[in-house]
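These notes are about the structure you will find just below.
As the structure is a computational prediction, the values presented were derived from the model and not from experiment.
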Amino acid sequence: MFFVSDLARSVGFYRDTLGLPIAALDGHDGPFAMGDVGELALVLIPRPARAGESPVVVFSLDGGIDDHAEALAAKGVEIVVPVSESPDGGLSLDFLDPDGNVLSLHQSEGAPRRR
């Protein structure tokens, strides 16, 4: 669950920039957005929050992390930790959503860096 300052902007980022199946909905407590990403249900709730209050979501890749890094940068996404080695020997990349929430990509050791 992420608290976001502008629901429409965040839906656009997760849906259009990242390509995730996120849809805006009307709930009994007001608007929110939701989408299933693999086994994860990503929920966006419009509410003021400070960066760092939301969990870090890590998306697992089977390769191509350098391609993803270039695609994110080309779309103007702020990358805060470029592709680097992670403690498990794999590679990771950290970037921010429009509210400053950290998202991460990770691929296992030995997976190809490019597709």
Side-chain angles (χ1 to χ4, degrees):
M1 181 180 310
F2 284 136
F3 297 123
V4 299
S5 60
D6 183 325
L7 186 61
R9 178 184 70 179
S10 293
V11 168
F13 175 80
Y14 284 91
R15 183 190 60 219
D16 303 334
T17 303
L18 299 184
L20 301 177
I22 304 295
L25 305 165
D26 287 318
H28 65 279
D29 288 332
F32 69 102
M34 186 172 165
D36 291 328
V37 182
E39 295 183 25
L40 171 75
L42 184 59
V43 179
L44 307 175
I45 297 176
R47 180 177 133 192
R50 292 185 313 235
E53 288 185 331
S54 294
V56 175
V57 174
V58 179
F59 297 96
S60 180
L61 302 173
D62 59 2
I65 196 165
D66 288 334
D67 298 326
H68 288 286
E70 289 172 6
L72 290 169
K75 292 179 180 180
V77 175
E78 184 178 352
I79 296 174
V80 292
V81 178
V83 176
S84 56
E85 289 189 31
S86 60
D88 70 349
L91 296 170
S92 63
L93 161 80
D94 293 347
F95 60 98
L96 301 178
D97 79 355
D99 285 287
N101 295 307
V102 177
L103 302 166
S104 184
L105 300 178
H106 176 269
Q107 74 175 39
S108 298
E109 184 176 15
R113 293 182 67 134
R114 297 217 175 257
R115 289 285 176 191

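Residue pairs meeting the salt bridge (Lys or Arg N to Asp or Glu O under 4.0 Å) criterion with at least one partner in residues 9-18, sequence neighbours excluded, are Arg9-Asp99. Residue pairs meeting the salt bridge (Lys or Arg N to Asp or Glu O under 4.0 Å) criterion with at least one partner in residues 79-94, sequence neighbours excluded, do not occur; the list is empty. Applying the salt bridge (Lys or Arg N to Asp or Glu O under 4.0 Å) definition to pairs two or more places apart or across chains, none involves residues 24-36.
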For the pair Val102 and Leu96, evaluate side chain to side chain contact (heavy atoms under 4.5 Å, CB included) and give the outcome as yes or no after the intermediate values.
-> CA-CA 5 Å; Val102 177; Leu96 301 178; 3.8 Å; yes
Applying side chain to side chain contact (heavy atoms under 4.5 Å, CB included), run through Ile22 and Phe13 and close with a yes or a no.
-> CA-CA 10 Å; Ile22 304 295; Phe13 175 80; over 6 Å; no
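Residues passing the side-chain contact (heavy atoms from CB on, under 4.5 Å) test with Ala69 are Val83, Leu93, sequence neighbours excluded. Here Val58 pairs with Val56, Ser104, His106 under the side-chain contact (heavy atoms from CB on, under 4.5 Å) rule; sequence neighbours left out.
We find the CG-OG distance between Leu91 and Ser86 to be 6.5 Å, quoted to the nearest 0.5 Å.
Other residues, nucleotides and ligands contribute at most 12 non-hydrogen atoms within 6.0 Å of the CZ atom of Arg47.
Ala41 approaches Met34 most closely through the heavy-atom pair CB-CE, 4.3 Å.
A 4.5 Å side-chain heavy-atom check between Tyr14 and Val37 finds every atom pair outside the cut-off. Asp66 is not listed as a side-chain neighbour of Gln107, based on a closest heavy-atom distance of 4.5 Å or more.
Residues Leu18 and Ile45 fall into different hydrophobic clusters, defined by Ile, Leu, Val, Met, Phe, Trp and Tyr side chains chained together at heavy-atom separations under 4.5 Å. The hydrophobic clustering, which links ILVMFWY residues whose side-chain heavy atoms are closer than 4.5 Å, places Val43 and Leu40 apart. A single hydrophobic cluster is not seen to contain both Val4 and Met1; linkage of ILVMFWY side chains at heavy-atom distances under 4.5 Å, directly or through other members, places them apart. Taken together through direct or relayed side-chain contacts under 4.5 Å among Ile, Leu, Val, Met, Phe, Trp and Tyr, Phe59 and Ile65 form part of one hydrophobic cluster. Tracing side-chain contacts under 4.5 Å through hydrophobic residues (I, L, V, M, F, W, Y), one reaches Val11 starting from Leu42; they form part of the same cluster.
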For residues 70-82, which side-chain donor-acceptor pairs fall under 3.5 Å, sequence neighbours excluded?
residue: Glu70; atom: OE1; partner: Arg114; partner atom: NH1; Å: 3.3
residue: Glu70; atom: OE2; partner: Arg114; partner atom: NH1; Å: 3.2
residue: Glu70; atom: OE2; partner: Arg114; partner atom: NH2; Å: 2.5
residue: Lys75; atom: NZ; partner: Thr17; partner atom: O; Å: 2.9

